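First the structure, in the form of structure tokens, and then the observations on it.
In this chain, numbering begins with 1 at the start of the sequence shown. Every value quoted in this text rests on a predicted model; they were computed, and no experiment measured them. Just so you know, ligand 1 is whichever comes first in the structure, and atom 1 is the first atom listed for that ligand. Because only heavy atoms are used, hydrogens play no part in the values below, and waters and symmetry mates are left out as well, while side chains stay in.
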Amino acid sequence: MIINTPIDMHLHLREGDILKDVLPYTENQFAAAVVMPNLVPPVDNKERLLSYKEEILKTAKNFIPLMNVFMRDYNEDELLELKELIFAIKLYPAGITTNSEGGVKGIESVYPVLEMMQEFEIPLSVHGETHGFVMEREREFIPVYEKLARDFPKLKIIMEHVGTAEMLDLLDKYDNLYATVTLHHLLLTLDDVAGGMLNPHYFCKPIIKTPKDRDAIQRFVKSGHKKVMFGSDSAPHPLKNKLKGAAGVFSAPVILPALAEFFEGDIETFQKFISDNARNNFNINVPEKKVEIVKEEWRAPYIVGEIKPMFAGKIFKFKVIS
Ligand code: NCD
Ligand code: ZN
């Protein structure tokens with residue numbers, strides 16, 4: 001089967017050696033990806049953005065990085081300049097996940113920025129979790145999404161890495177809300193993380209939840225819902241950091257083989273989820289790139305540099321031809 005212009009709407013590439021190790025896997029499977037800005041220090045100004053983009057383009061020749069910047073108190077001039085260079089601005093509640101210490105401390109504090117983003121048509125990408133009990137954090141954040149959707153009706157808001165069933169109901173309630181779904185929230189449950197031997201490689205934020213949540217996410221994705229887009233949230237951490245508790249699943253190497261199995265030959269819905277919905281919802285114009293997937297056994301890598309991928313060593317029924 002041929003998949004046309006796959007786009008990963010949520011990707012962590014890091015910098016330096018890790019970037020060099022992980023980026024070829026995304027370049028091999030995707031035409032473009034939305035690159036997250038939670039580096040140290042964060043990508044939150046034009047200079048840092050341009051140098052990060054240059055580093056990515058030096059490593060990947062056949063790939064378009066769609067850049068995000070980290071939310072802060074941008075002024076009008078900064079936003080007008082950034083508008084031409086970015087896909088969206090990413091809002092992290094302070095301290096909610098990896099490298100988010102400099103995030104937002106109260107949503108109202110960024111209302112002036114959101115007002116300008118709405119006017120300049122810059123999308124908002126949100127890590128939607130409260131600081132409550134870990135299994136309830138996304139559900140507790142729902143009123144914040146609703147308030148944002150109502151207060152900024154023309155601002156396009158992406159609920160990233162949806163892991164809780166109830167969040168999906170918001171998509172039909174508010175025109176301006178969209179969602180990304182990861183491979184791990186689509187396929188796994190908390191049992192895969194902590195139901196047997198602890199698997200730190202599947203520990204991530206938001207935490208992977210119940211079978212009921214996973215089944216609802218699967219139904220939404222299989223329905224071909226126009227506002228649901230693939231965003232891997234592939235988040236590589238070296239083994240030594242993983243064992244210290246770093247959150248993030250490194251799924252990049254296995255995405256298309258795993259999704260080809262999930263969609264079981266329903267190429268039309270696969271194509272919408274992996275590309276068309278994103279391109280239509282956000283007018284993303286990137287050069288066409290056809291990716292061929294064949295029915296042939298393929299083993300996922302056991303290790304990439306110092307990072308253990310999702311489904312390490314698993315044999316898939318599908319293989320990406322590069
Ligand atoms: C991400 C990371 O490691 O950068 N971690 C994660 O668990 N998903 C950050 C994020 O998207 O939350
Ligand atoms: Zn992420």
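Residues passing the side chain to side chain contact (heavy atoms under 4.5 Å, CB included) test with Asn280, sequence neighbours excluded: Asp276.
Taking the Zn ion (ligand 2) as reference, the nearest N/O/S atom within His10 carries the name NE2.
At a cut-off of 2.8 Å, Asp233 is counted among the residues with an N, O or S atom near the Zn ion (ligand 2). Among the atoms of His127, no N, O or S atom is found under 2.8 Å from the Zn ion (ligand 2). Not one N/O/S atom of His161, from backbone or side chain, sits under 2.8 Å from the Zn ion (ligand 2).
The side chain to side chain contact (heavy atoms under 4.5 Å, CB included) test with Phe250 is passed by exactly one of Ser232, Ser234, Cys204: Ser234.
Contact check on Lys83 versus Glu76 returns no salt bridge, with no Lys/Arg side-chain nitrogen under 4.0 Å from an Asp/Glu carboxylate oxygen. Remark: Glu108 engages Lys147 in a salt bridge, criterion side-chain N to carboxylate O under 4.0 Å. Under a 4.0 Å N-O distance rule, the pair Glu78/Lys46 does not qualify as a salt bridge. Salt-bridge formation is not detected for the pair Glu297/Arg299: no Lys NZ or Arg NE/NH1/NH2 atom is positioned less than 4.0 Å from an Asp or Glu carboxylate oxygen.
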Need the list: ligand 1 N/O atoms against protein N/O atoms, distance under 3.5 Å, rounded to one decimal.
| from | atom 1 | to | atom 2 | distance (Å) |
| --- | --- | --- | --- | --- |
| ligand 1 | 3 (O) | Arg14 | NH2 | 2.8 |
| ligand 1 | 3 (O) | Thr98 | OG1 | 3.0 |
| ligand 1 | 3 (O) | His237 | NE2 | 2.8 |
| ligand 1 | 3 (O) | Ala247 | O | 3.1 |
| ligand 1 | 4 (O) | His12 | ND1 | 3.3 |
| ligand 1 | 4 (O) | Arg14 | NH1 | 2.9 |
| ligand 1 | 4 (O) | Arg14 | NH2 | 3.4 |
| ligand 1 | 4 (O) | Asn38 | ND2 | 2.8 |
| ligand 1 | 5 (N) | Ala247 | O | 3.1 |
| ligand 1 | 7 (O) | Lys205 | N | 2.8 |
| ligand 1 | 7 (O) | Ala247 | O | 3.2 |
| ligand 1 | 7 (O) | Gly248 | N | 3.3 |
| ligand 1 | 8 (N) | Lys205 | O | 3.0 |
| ligand 1 | 8 (N) | Asp233 | OD2 | 2.7 |
| ligand 1 | 11 (O) | His12 | NE2 | 3.1 |
| ligand 1 | 11 (O) | Asp233 | OD1 | 3.1 |
| ligand 1 | 12 (O) | Thr97 | OG1 | 2.7 |
| ligand 1 | 12 (O) | His127 | ND1 | 3.2 |

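Asp172 and His225 share a side-chain donor-acceptor pair at under 3.5 Å. Side-chain contact check for Thr180 and Glu160: at least one donor-acceptor pair (N or O, by modelled atom type) lies under 3.5 Å.
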